[in-house]
Amino acid sequence: MNSTPTALNRILLTLLGLKLLAAGLLLVLLATVPAVAVWWHSWSAAAWSSANDAFNATRFPGRTESWLWMVVALVLLVLIGLMVAWVAQQGKGRSNLLASEYDPGEVPGDVRIGAGVAEQALKQALAGRPDLASSSVTTYEVKGTPTLRIRLLPRQGVAPHLLAAEVSGLVDALDAVVGRKTPVLIHIGAGARTRFGRAERVR
């Protein structure tokens, strides 16, 4: 429903999981297999020596500092910028506008209906229903079109198709009030609150 980069998130989580798995496996092998411990000590010593040689060979003339530290700092800044950009992409797509249309009447102008109108109306209509453990209504912009997402957690014993039909009737009434049809996604889920809540029949 939103523009969160789910594919990129899954790739990053997969890479992070593989790295953590490899690190954990290496720690287990270091603690249990002597040959791996010997290899690690020799490899780490050689890697540390190579790093020291690289920093010693790239010192500024007449100084003890290496310009490689500037490269490391630049790489870290780029990495921080990429992380900030990635975080900024999470959860995007929310819309504050439900409908906007030009009215060429006696006083020409744009007529705009805020998303809060539909959200509050549907929330009020769904509030207090004994067949629902919880409900939420949010507005997202999908390909430039405001779209409502209605998330419902019914209690045990509630028929999902009857619940969806009743909510569809509420949406039709909202469309009649607004004067235009709005795309709607009705998500009926389940959770701990539905499993442990008291079962109610659909009204």
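Below, all heavy atoms of this structure are taken into account, side chains as well, without hydrogens, waters or symmetry copies. These numbers come from a predicted model, not from an experiment.
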Using 0.5 Å steps for rounding, measure from the CD1 atom of Ile188 to the NE2 atom of His161. 10.5 Å
Are any side-chain N or O atoms of Trp67 and backbone N or O atoms of Thr58, one a donor and one an acceptor, separated by less than 3.5 Å? yes
Using a 3.5 Å cut-off and no angle test, enumerate the donor-acceptor pairs between side-chain atoms of residues 47-55 and protein atoms at least two apart in sequence or in another chain.
| residue | atom | partner | partner atom | Å |
| --- | --- | --- | --- | --- |
| Ser50 | OG | Ala46 | O | 3.0 |
| Asn52 | ND2 | Trp48 | O | 3.4 |

Measuring from atom CG of Leu20 to atom CG of Leu25, what distance do you get when rounded to the nearest 0.5 angstrom? 12.5 Å
Are side-chain heavy atoms of Leu126 and Val167 found at a separation under 4.5 Å? yes
Salt bridge (charged side-chain N to carboxylate O under 4.0 Å, His left out) partners of Lys181, counting only residues at least two apart: Asp175
Is the shortest side-chain heavy-atom distance between Asp131 and Pro154 below 4.5 Å? no
Is any side-chain heavy atom of Tyr140 less than 4.5 Å from a side-chain heavy atom of Leu185? no
List the atom pairs, donor and acceptor, that lie under 3.5 Å between side-chain atoms in residues 115-122 and the rest of the protein, sequence neighbours left out.
| residue | atom | partner | partner atom | Å |
| --- | --- | --- | --- | --- |
| Glu119 | OE2 | Thr139 | N | 3.0 |
| Glu119 | OE2 | Thr139 | OG1 | 2.8 |

OG1 on Thr32 to CG on Leu27, rounded to 0.5 Å: 10.5 Å
CG-NE2 distance between Leu152 and His187, expressed to the nearest 0.5 angstrom: 9.0 Å
I'd like to know if Leu29 and Val38 are part of one continuous hydrophobic network [Ile/Leu/Val/Met/Phe/Trp/Tyr, side-chain heavy atoms within less than 4.5 Å]. no
Please report the interatomic distance CG(Leu21) to CG(Leu16), rounded to the nearest 0.5 Å. 11.0 Å
Cluster check Val75, Trp69: I/L/V/M/F/W/Y, side chain < 4.5 angstrom: yes
